[in-house]
Amino acid sequence: DGGITQSPKYLFRKEGQNVTLSCEQNLNHDAMYWYRQDPGQGLRLIYYSQIVNDFQKGDIAEGYSVSREKKESFPLTVTSAQKNPTAFYLCASSPGFSGRKETQYFGPGTRLLVL
Amino acid sequence: AQSVTQLDSHVSVSEGTPVLLRCNYSSSYSPSLFWYVQHPNKGLQLLLKYTSAATLVKGINGFEAEFKKSETSFHLTKPSAHMSDAAEYFCVVSDSLGSSYKLIFGSGTRLLVRP
């Protein structure tokens, strides 16, 4: 079964703690993305990666970090510098970066809550 | 810069009646437009996309959308609502991001289907 998996489904963060959200895809897609969703709002882009070992900041990258060591994996770390991390985090991938017609496919999401 | 406006935050219909979810876009060039659906605590699923081919786009689950350049609209419709259609719907436009692109999301429309 091809798709995008995210884990865990729910994650709790204590004050001052870094936490890492996992995103794995077996679609052989080159590009991967992380979005944040807050209640009643659309999605906002945190980071994206066009290819292995390369990634770029999106609109709201402050307080987050990523890595792309393997094509299949794009983990997101929410650092202690992110003062308001409570949100629903969605990972997506697309076949490539060939243009604006590219479709992005989404994982099931991780809900991050602050204790 | 591209943008989308979803004109209704909530829409309520009776089962078996038509659905209309409204979306206006702003674009300086021919846009790529998408509709995604999100069921509670789930990821996003692509319903349909417009990429400058036919202006009437058919999607999954009986949904369709019509691109109207003169009105800068891309409204989503379905002839007969089903209980399983209750979800949040996002209108999305693709925007340039340096040498690549990103998705710009509307704020979403929550569809309620009454029995």
Side-chain angles (χ1 to χ4, degrees), chain A residues 3-10 21 23-25 27 30-51 54-61 87-113, chain B residues 1-10 21 23-25 27-54 57 59-60 67 87-110:
Chain A
I4 302 173
T5 56
Q6 291 186 242
S7 62
K9 189 172 182 178
Y10 295 94
L21 285 62
C23 176
E24 303 276 332
Q25 55 99 359
L27 300 168
D30 285 324
M32 297 186 74
Y33 315 78
W34 274 105
Y35 292 90
R36 169 180 172 141
Q37 184 178 26
D38 293 283
Q41 297 186 34
L43 280 65
R44 293 180 291 168
L45 182 65
I46 305 173
Y47 268 97
Y48 65 100
S49 169
Q50 300 182 56
I51 199 167
D54 180 68
F55 50 84
Q56 305 295 331
K57 292 182 179 180
D59 298 319
I60 55 166
F88 193 47
Y89 291 86
L90 287 153
C91 178
S93 69
S94 64
F97 251 75
S98 59
R100 296 182 292 112
K101 301 179 182 182
E102 203 80 48
T103 296
Q104 292 185 18
Y105 299 86
F106 286 81
T110 292
R111 187 164 298 281
L112 177 60
L113 300 164
Chain B
Q2 316 269 54
S3 66
V4 288
T5 302
Q6 291 185 244
L7 299 169
D8 305 293
S9 60
H10 293 82
L21 305 183
C23 172
N24 285 3
Y25 69 91
S27 173
S28 54
Y29 47 82
S30 182
S32 292
L33 292 159
F34 307 77
W35 275 99
Y36 280 87
V37 60
Q38 184 181 32
H39 289 90
N41 293 310
K42 302 288 186 185
L44 276 69
Q45 180 183 21
L46 180 69
L47 281 178
L48 49 82
K49 71 177 183 180
Y50 167 77
T51 57
S52 75
V57 183
I60 62 171
F67 174 72
E88 185 130 27
Y89 292 79
F90 292 97
C91 182
V92 182
V93 66
S94 184
D95 193 10
S96 61
L97 184 65
S99 61
S100 56
Y101 80 103
K102 68 176 180 180
L103 299 183
I104 307 294
F105 286 79
S107 55
T109 297
R110 186 168 296 279

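Below, each value reflects all heavy atoms present in this structure, side chains not excepted, and no hydrogens, waters or symmetry copies. In what follows, chains carry the letters A, B, and so on, assigned in the order in which the sequence lines appear, proteins first and then strands, with residues in each chain numbered from 1.
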Do you know the tightest heavy-atom contact between A:Ile51 and A:Ser49?
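Answer, listing the atom of A:Ile51 first, then A:Ser49: O-OG, 3.0 Å.
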
Quick one: salt bridge (charged side-chain N to carboxylate O under 4.0 Å, His left out) pairs with a partner in residues 37-48 of chain A, sequence neighbours left out?
A:Arg36-A:Asp38, A:Asp38-A:Arg44

Select, from B:Glu88, B:Gln38, B:Gln6, B:Gln45, the one with the greatest count of heavy-atom pairs under 4.5 Å involving chain A.
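Between B:Glu88, B:Gln38, B:Gln6, B:Gln45, the count favours B:Gln38.
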
With a 4.5 angstrom heavy-atom cut-off, is it the side chain or the backbone of [X] that approaches chain B, or both, or neither?
X	value
A:Gln37	side chain
A:Leu90	side chain
A:Gln41	backbone

Tell me every residue that passes ring-ring contact (aromatic ring centres under 6.0 Å, His included) with B:Tyr50, counting only those two or more places apart in sequence or in another chain.
B:Phe67

Structural part of B:Leu44 lying under 4.5 Å from a heavy atom of chain A:
both

Which word best sums up how the rings of A:Tyr48 and A:Tyr33 line up, parallel for under 30°, tilted for 30 to 60°, or perpendicular for over 60°?
parallel

Separation of A:Leu21 CG from A:Thr110 OG1 (nearest 0.5 Å):
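With rounding to 0.5 Å, OG1 (A:Thr110) is 4.5 Å from CG (A:Leu21).
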
